[in-house]
Amino acid sequence: GDPEHLGRIGVPVVHELRGVGRNMQDHYVVRVTYPIHGIATANERARGLPLAGEVLRYALTGKGILSYSASLIAASVKILPESATPDVQISFAPGSFKDGQIGQLEAEPGLTGGPWQMRPLSRGYVEAKTNRPGDAPAINPRYLTEESDRRAIVGGLHYVRRLFAAPALQPYVGDEKLPGKQVQTDDELLDYAKRNGNTVYHASCTCMMGPQVNCVVDSELRVHGIDGLRVIDASVMPSVTSTNTNAPTIMIAEKGAAMILATARQRLAA
């Protein structure tokens, strides 16, 4: 790791790698919610007798709300004028959460649209706080520190409002609940985004792959300067993928396993 940081927490330096824990990237989502009438959502089906019915439905058919992912529909849209391709994904959930945070669903029917920037420029870090391995690290994604990221999330919030204002939805959509009609200007939307957004659970890039001095692993995922050690997970990405990280991380794992097996076969042959 970084010798200065390791020295501050009393960890002896085995090998200097200043990039360890740096370059943290993640996708940051901010939710807009609306009450819904005239059509069922996950909210009212997630409690009491309706939930019992959903459990039975899933047991018999494998369908229903227990088969839902966090988002059933997504829109890839271009927000920033300088972008050549879509730069914000808007994920839609068939329900709404209390205070706009994933956790407990609201009791009344609702829908959620959450924009997040695909290729954020903001960079954070993960670092040990002590020399005791069991202690939790410090994690600071530093969301929205870059100006383009702030413009993207504000533009994404405006876009969600445009979608929910579509004529086809008007028979079902009530007055916006979060952030609410009182939040209108870009500055107000940015303030809402800073106070109410959270992770899309795509944290990555803290052991970046590459030959540069700030990289941690090489093209075969071997840690620079340390024999017999590889990193095989989403942290080796030089930059976070434009959309979800699940499939790319599986690919990294498959490729890493194949390289370990190939190295073992070469040693046996020698």
Side-chain angles (χ1 to χ4, degrees), residues 26-77 79 86 88-118 143-144 152-186 188-202 243-244 246:
D26 191 14
H27 293 134
Y28 183 75
V29 65
V30 183
R31 295 180 178 87
V32 182
T33 61
Y34 291 83
I36 298 297
H37 47 260
I39 192 169
T41 71
N43 288 11
E44 68 275 15
R45 289 185 282 169
R47 51 178 48 83
L49 288 177
L51 177 59
E54 290 292 336
V55 172
L56 182 61
R57 182 184 180 190
Y58 182 76
L60 295 176
T61 68
K63 299 179 179 179
I65 66 169
L66 296 184
S67 67
Y68 289 179
S69 64
S71 171
L72 299 184
I73 301 171
S76 295
V77 300
I79 298 296
V88 167
Q89 183 177 128
I90 302 173
S91 301
F92 295 91
S96 57
F97 305 96
K98 288 188 175 181
D99 301 319
Q101 306 295 319
I102 282 186
Q104 189 174 0
L105 289 168
E106 294 182 310
E108 300 302 320
L111 286 179
T112 300
W116 46 274
Q117 188 183 12
M118 292 178 174
Y143 296 124
L144 303 180
I153 202 67
V154 169
L157 291 168
H158 282 300
Y159 205 99
V160 172
R161 284 177 161 174
R162 285 175 52 194
L163 293 175
F164 275 99
L169 289 178
Q170 295 319 293
Y172 311 104
V173 176
D175 290 339
E176 183 179 286
K177 195 167 186 178
L178 287 174
K181 289 184 176 181
Q182 73 281 4
V183 177
Q184 287 296 327
T185 69
D186 287 357
E188 289 170 341
L189 286 169
L190 180 59
D191 180 65
Y192 171 75
K194 288 179 176 179
R195 291 184 293 105
N196 292 276
N198 51 38
T199 178
V200 186
Y201 302 101
H202 294 170
T243 55
N244 302 66
N246 181 51

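As the structure is a prediction and not an experimental result, all values here were calculated from the model.
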For the side chain of E54 and the backbone of I65, is there at least one donor-acceptor N/O pair under 3.5 Å apart?
-> yes
How many angstroms lie between NZ in K181 and CD in E176, if you round to the nearest 0.5 Å?
-> 8.5 Å
Greater than 12 external heavy atoms within 6.0 Å of L60's CG = yes
Side chains of E106 and K177 in contact at under 4.5 Å (non-hydrogen atoms) | yes
OH of Y68: more than 12 outside heavy atoms within 6.0 angstrom?
-> yes
Reported CD1-to-CG distance for the pair I36 and N43, which is rounded to 0.5 angstrom = 9.5 Å
Flag if over 12 foreign heavy atoms under 6.0 Å of CZ, F92 | yes
Once you round to the nearest 0.5 Å, how far does CD of Q117 lie from OH of Y143?
-> 12.5 Å
Where is the tightest heavy-atom contact between P109 and I39, given as atom of each residue plus distance?
-> CB-O, 4.4 Å
Distance-only polar pair, side chains of H158 and D186, donor-acceptor under 3.5 Å = yes
Between W116 and H202, how do the two ring planes meet: parallel, tilted or perpendicular, split at 30° and 60°?
-> perpendicular
Check whether any side-chain heavy atom of D175 lies under 4.5 Å from a side-chain heavy atom of P35, and answer yes or no.
-> no
What do you reckon, is CD of E108 surrounded by more than 12 foreign heavy atoms closer than 6.0 Å?
-> no
